[in-house]
Amino acid sequence: QSVSGYYINSYKAILKEKESTFFLQYERLFDKIMSDTTATRRVAQIAGHFDARDEVTSGRILNNVTSSPTGFKVALLGAAGGIGQPLALLLKKSPLIDVLNLYDIVNTPGVACDLSHIDTPCKASVLAHKAFPKLLVELQRFAVMLALVQGFAGAGQLGAALEGCHLVIIPAGVPRKPGMTRDDLFNTNAGIVRTLAEGVAKYCPRAVVNVISNPVNSTVPIVAEVMKARGVYDPAKLMGVTTLDVLRARTFVAEAIGVPPGSVDLPVIGGHAGITILPLLSQATPSFSFTDDEVAKLTKRIQNGGTEVVDAKAGAGSATLSMAQAALRFGESCLRGLKGDTNVLECAYVQSTVTSVPYFASKILLGRSGVEATYPLGPLSASEREGLNKLLPELKANIEKGIAFAHK
């Protein structure tokens, strides 16, 4: 697990060229590190990520290197919030992630430090980022081996958090409170999402983007319009995360028919707020014959699942834990697709031609390029056709509101 002389010489050359005083300050440190086996291993760990896979395959690393990064670099924007913190914990445990960058306006160094005490492969280096920013930037250019969790706080560090990421997950924004609808969140969260989208467009325009910030029906179009304005929009890379609607549908249906939740599957289509959420109970597996009353009650509960949690928490928060689990599931599915796994199917809110509105949640196929296919809705029951007709005008208005905001 050591680093070849090639890398150390490269570090020195860069530092000499860019800032001789900086090099002089750390030259002695490099020499000391390279004379110590334990410290050399640590340099390999710190140096271990960015754009180094070509170097790994070219044989420039010493023969005693036994492994190399196999995962991805992920940025979590809003990492110190109610969804962000539990999601950061879940992402840190993911075997698909080599580098996890945590970004928020405040408190992310503390979150990264907390996570660094957990014995999973994604190791924390927020202290290195804060104390030796120039050194870390140069080390990152010649990554070789390991995974890091890094904390970035404040608008000035957004670019550093995003640069080189394969996946960006955005739960940033204010949470719902009792009596609020997702639309009530629009004015605050729309501005936050627009700012973050501008960062993505500038620093990692080819990344897959998972939007969680509500109202998703409007924030996804905002991100799309920002990316279009920068000339970097790829509809296959932008997805609104509606997975929590699917998890609720599976759980509530399983309770109703008396089977384990993991054995139930059904698509949830439309959008991610109120009546725009439409579970297709007629397509549930295992197949079950629901009465009209059961369909109405289950549909209403799935549509109002977020409100159920907000009311139960009595002003102390929204659906943060279940949303974190849903975001992990969808994020890992995106990474599995990027990795080349086959038959990775999810429901998500994406640019679509499935209905008359330009963005719609339906079943999609994820692959190396992001969304590789969107599937037809399939046969709908009479109540589902009625629900679809009702949701389309509201969803259309939500989309238009997001587009209009993006062009202000």
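Checking side-chain atoms of Thr188 against main-chain N and O of Leu185 turns up no donor-acceptor pair under 3.5 Å. Although no hydrogens or angles enter the test, the distance criterion places a donor-acceptor pair under 3.5 Å between the side chain of Gln283 and the main chain of Pro379. The backbone N or O of Lys73 sits less than 3.5 Å from a side-chain atom of His166, completing a donor-acceptor pair. No donor-acceptor distance shorter than 3.5 angstrom exists from the side chain of Arg248 to the backbone of Ile302, with no hydrogens or angles considered. Using modelled atom types, one side-chain atom of Asn304 and one backbone atom of Lys300 make a donor-acceptor pair closer than 3.5 Å. In this structure a side-chain-to-backbone donor-acceptor pair under 3.5 Å is missing from Glu394 to Lys390. A donor-acceptor pair under 3.5 Å links the side-chain atoms of Lys237 to the main chain of Arg206, judged by distance alone. Remark: the backbone N or O of Asn214 is not paired with any side-chain donor or acceptor of Thr219 at under 3.5 angstrom. Judged by distance alone, with hydrogens and angles left aside, the side-chain atoms of Ser333 form a donor-acceptor pair with the main-chain N or O of Arg329 at under 3.5 Å. Looking only at distances, no side-chain donor or acceptor of Thr285 sits under 3.5 Å from a matching main-chain atom of Ser287.
The two atoms that bring Pro171 and Ser213 nearest to each other are C-OG, 3.5 Å, heavy atoms only. When every heavy atom of Ala88 is checked against every heavy atom of Leu100, the shortest pair comes out as O-CD2, 3.8 Å. Closest heavy-atom contact between Pro86 and Thr320: CG-O, 4.2 Å. Heavy atoms only, all atoms of each residue included: Val106 and Ala80 are closest at O-CB, 3.4 Å. When all heavy atoms of Leu244 and Ala326 are compared, the closest pair comes out as N-CB, 3.5 Å. Here the closest non-hydrogen pair linking Ser218 and Asn398 is OG-O, 2.8 Å.
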Next on the checklist: Working note: Lys396 + Glu400, criterion salt bridge (charged side-chain N to carboxylate O under 4.0 Å, His left out); need CA distance, chi angles, decisive distance, verdict.
Outcome noted: CA-CA 6 Å; Lys396 181 174 183 288; Glu400 290 174 347; 2.6 Å; yes
**Prompt:** So Thr299 and Leu281, side-chain contact (heavy atoms from CB on, under 4.5 Å) or not? Walk me through it.
**Reply:** CA-CA 8 Å; Thr299 299; Leu281 297 172; 3.8 Å; yes
Practice task
Decide side-chain hydrogen bond (donor to acceptor under 3.5 Å, both in side chains) for Glu372 and Ser369; before the verdict, give the C-alpha distance in whole Å, the side-chain angles of both, and the deciding distance to 0.1 Å.
Solution key: CA-CA 7 Å; Glu372 297 197 337; Ser369 59; 3.2 Å; yes
request  = List the steps, then state whether side-chain contact (heavy atoms from CB on, under 4.5 Å) holds for Asn101 with Val74.
outcome  = CA-CA 6 Å; Asn101 285 354; Val74 175; over 6 Å; no
Would you sort out whether Phe360 and Leu391 count as a side-chain contact (heavy atoms from CB on, under 4.5 Å), showing the intermediate values?
CA-CA 11 Å; Phe360 194 82; Leu391 76 84; 3.9 Å; yes
- When you look at Leu377 and Thr355, which way does the side-chain contact (heavy atoms from CB on, under 4.5 Å) test go after all the steps? CA-CA 9 Å; Leu377 301 183; Thr355 66; 4.2 Å; yes
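Environment of CG in Asp292: sparse, with no more than 12 heavy atoms of neighbouring residues, nucleotides or ligands closer than 6.0 Å.
A salt bridge between Glu225 and Arg194 is absent, with no side-chain N of the basic residue lying under 4.0 Å from a carboxylate O of the acidic one. Under a 4.0 Å N-O distance rule, the pair Asp265/Arg250 qualifies as a salt bridge. A salt bridge links Glu308 to Arg301: at least one charged side-chain nitrogen sits closer than 4.0 Å to a carboxylate oxygen.
Annotation: cation-pi pair Lys363/Tyr375 absent, no NZ/CZ under 6.0 Å from the ring centroid and within 45° of its normal. The cationic atom of Lys339 (NZ for Lys, CZ for Arg) does not lie both less than 6.0 Å from the six-membered ring centre of Phe72 and within 45° of the ring axis.
Under the 4.5 Å side-chain criterion, counting only non-hydrogen atoms from C-beta, Pro221 is in contact with Tyr359. Residues Val216 and Val241 form no side-chain contact, since every pair of their non-hydrogen atoms from C-beta on lies 4.5 Å or further apart. Here the side chains of Val309 and Thr307 are not in contact, with every heavy-atom distance at 4.5 Å or above. With a 4.5 Å cut-off on side-chain heavy atoms, Leu87 and Ile169 count as touching. By the 4.5 Å heavy-atom criterion applied to side chains, Val268 and Leu280 are not counted as neighbours. The side-chain heavy atoms of Ile212 and Ile170, taken from C-beta on, include no pair separated by under 4.5 Å. Residues Leu89 and Ile118 have side chains in contact (heavy-atom distance under 4.5 Å, counting atoms from C-beta outward). Residues Tyr349 and Met239 form no side-chain contact, since every pair of their non-hydrogen atoms from C-beta on lies 4.5 Å or further apart.
Note that NE2 of His272 is 12.5 Å distant from CG of Leu395, once rounded to the nearest 0.5 Å. Interatomic distance, Thr342 OG1 to Arg368 CZ, rounded to the nearest 0.5 Å: 10.5 Å. Atom-to-atom distance recorded for Leu328:CG and Lys92:NZ is 14.0 Å, nearest 0.5 angstrom. If you take OG1 on Thr243 and CZ on Phe330, they are separated by 5.5 Å, rounding to the nearest 0.5 Å. Rounded to the nearest 0.5 angstrom, Leu76 CG and Gln85 CD are separated by 10.0 Å. How far CD of Glu294 is from CD1 of Ile257: 10.5 Å, rounded to the nearest 0.5 Å.
Put simply, the residue from Val209, Val371, Asn210 that forms a side-chain contact (heavy atoms from CB on, under 4.5 Å) with Leu238 is Val209.
Remark: Ser282 pairs with Glu384 by the side chain to side chain donor-acceptor pair (under 3.5 Å) rule, at least two apart or across chains. Under the rule for a side chain to side chain donor-acceptor pair (under 3.5 Å), the partners of Thr276 that lie at least two apart in sequence or sit in another chain are Asn217.
Using modelled atom types and a 3.5 Å distance limit, the side chains of Glu332 and Ser94 yield a donor-acceptor pair. A donor and an acceptor atom, one from each side chain of Tyr103 and Gln150, are nowhere located under 3.5 Å apart. Looking at Ser383 and Glu386, their side chains never bring a donor and an acceptor atom within 3.5 Å of each other.
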